[in-house]
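Below is one structure; the comments refer to it alone.
This is a predicted model, so every value here is computed, not measured. Start at 1 with the first residue, then count along the sequence. For the numbers below, each heavy atom of this structure counts, side chains included, while hydrogens, waters and symmetry mates do not.
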Amino acid sequence: MGRMRLPGALQGCAERAIRECQQYTNRSCEECLKNVTCLWCASSRRCVPYPVRRILPPADLCELRSARWGVCWVNFEALIIAMSVVGGMILIMLLVCCCCCCKKKSKKPDKEDERAARERERRRVRQEERRAEMKSRHDEIRRKYGLFKEENPYAKFEN
């Protein structure tokens, strides 16, 4: 099997990207950024390949406030600050929405809870009615057979 020549191919791509970007050095930001692999350093007016292995360009390549990538009117420093502010606002809005939803849910019982409470109340009322009916039936049977406890035990001897 043959050996893979990927590192050499990558090296060739990197060298080609350096050459392509360096041809726009000392020209304009717009010309440099037409190639998406290039980074414009406004302070030194250099066009260099974007360091893809790192998220932010290192300070020795270009300062964040001078670095431009994609568009000329946004520098990395402003982009980081703006993204942080927007991200923070989104997080705060999510927290506020969650808090509002939780409060609203706890204050207002939902329809299922109300229906379950009504059903419990109906069952309780039916059970009370059955109990009263059973008690009256039992009392009637006790009276019929003389087992009913009278309030005054001497009442039956008064006649």
Side-chain angles (χ1 to χ4, degrees), residues 1-140:
M1 281 223 233
R3 210 176 209 201
M4 288 184 74
R5 300 179 70 183
L6 190 61
L10 286 176
Q11 186 67 32
C13 287
E15 288 172 3
R16 187 178 32 187
I18 290 171
R19 273 185 273 124
E20 285 178 9
C21 291
Q22 282 181 344
Q23 72 182 357
Y24 298 111
T25 296
N26 290 326
R27 289 194 184 173
S28 71
C29 176
E30 288 80 15
E31 288 181 63
C32 174
L33 295 184
K34 283 181 183 174
N35 185 345
V36 293
T37 62
C38 296
L39 171 82
W40 177 257
C41 187
S43 61
S44 63
R45 298 187 49 81
R46 288 187 330 171
C47 188
V48 293
Y50 189 88
V52 291
R53 293 179 184 224
R54 302 181 77 171
I55 295 172
L56 298 174
D60 60 335
L61 184 64
C62 188
E63 295 176 340
L64 285 180
R65 77 185 106 187
S66 298
R68 309 285 194 271
W69 182 71
V71 290
C72 293
W73 52 272
V74 176
N75 65 35
F76 272 90
E77 199 172 55
L79 185 66
I80 291 169
I81 292 169
M83 287 175 62
S84 300
V85 168
V86 169
M89 288 175 66
I90 289 171
L91 283 174
I92 289 170
M93 287 171 37
L94 284 173
L95 286 172
V96 167
C97 287
C98 288
C99 289
C100 288
C101 288
C102 290
K103 253 186 183 177
K104 191 175 190 179
K105 190 168 188 156
S106 67
K107 281 184 179 178
K108 181 183 173 190
D110 65 355
K111 292 177 182 178
E112 222 172 282
D113 290 343
E114 289 175 6
R115 191 176 71 224
R118 283 194 304 266
E119 185 63 32
R120 277 194 304 271
E121 183 62 25
R122 268 190 241 127
R123 284 186 195 142
R124 189 186 63 75
V125 168
R126 275 190 305 214
Q127 188 178 15
E128 290 293 324
E129 288 171 355
R130 275 193 229 120
R131 256 193 214 131
E133 188 180 313
M134 289 295 288
K135 186 177 182 320
S136 69
R137 214 180 296 150
H138 289 159
D139 288 346
E140 192 177 306

Pairwise side-chain contact, Leu61 with Pro51, heavy-atom cut-off 4.5 Å (strictly under)
yes
Minimal non-hydrogen separation, Leu39 against Phe76, with atom names
CD1-CE1, 3.6 Å
Any chance you could lay out the salt bridge (Lys or Arg N to Asp or Glu O under 4.0 Å) test for Glu119 and Arg123, step after step, and finish with the verdict?
CA-CA 6 Å; Glu119 185 63 32; Arg123 284 186 195 142; 3.7 Å; yes
Answer yes or no: does atom CD of Glu112 have more than 12 heavy-atom neighbours from other residues, nucleotides or ligands under 6.0 Å?
no
What heavy-atom pair brings Tyr24 and Trp40 nearest, and what distance separates the two atoms?
O-CZ3, 3.6 Å
Spatial distance of atom CH2 (Trp69) from atom CG (Asn75) [nearest 0.5 Å]:
14.5 Å
Under the salt bridge (charged side-chain N to carboxylate O under 4.0 Å, His left out) test, residues paired with Glu121 that sit two or more places apart
Arg124
Identify the two heavy atoms, one from Cys38 and one from Cys32, that lie closest to each other, and give their separation to 0.1 Å.
CB-O, 3.5 Å
Take Cys47 and Cys41 through the test disulfide (SG to SG under 2.5 Å) and record every step on the way to the result.
CA-CA 6 Å; Cys47 188; Cys41 187; over 6 Å; no
Is it the case that over 12 heavy atoms from other parts of the model lie below 6.0 angstrom from the CZ atom of Arg54?
no
Are Cys72 and Cys29 close enough that their SG atoms are less than 2.5 Å apart?
yes
Enter the distance from Glu128:CD to Arg126:CZ here, rounded to the nearest 0.5 Å.
13.0 Å
Quick test of your reading: applying salt bridge (Lys or Arg N to Asp or Glu O under 4.0 Å), list the pairs with at least one residue in residues 64-77, sequence neighbours left out, ordered by first then second residue.
Glu63-Arg65
Glu133/Arg137 salt bridge by N-O under 4.0 Å criterion:
yes
State plainly whether the residues Lys34 and Glu30 are in salt-bridge range, i.e. N to O under 4.0 Å.
no
Atom CZ in Arg118, atom NZ in Lys111: separation rounded to 0.5 Å?
10.5 Å
Step through the shown structure and confirm whether more than 12 heavy atoms of other residues, nucleotides or ligands are within 6.0 Å of CD1 on Ile55.
no
Value for CG (Leu95) from SG (Cys100), rounded to nearest 0.5 Å, stands at 11.0 Å
Side chains of Pro57 and Leu64: does their closest heavy-atom pair fall under 4.5 Å?
yes
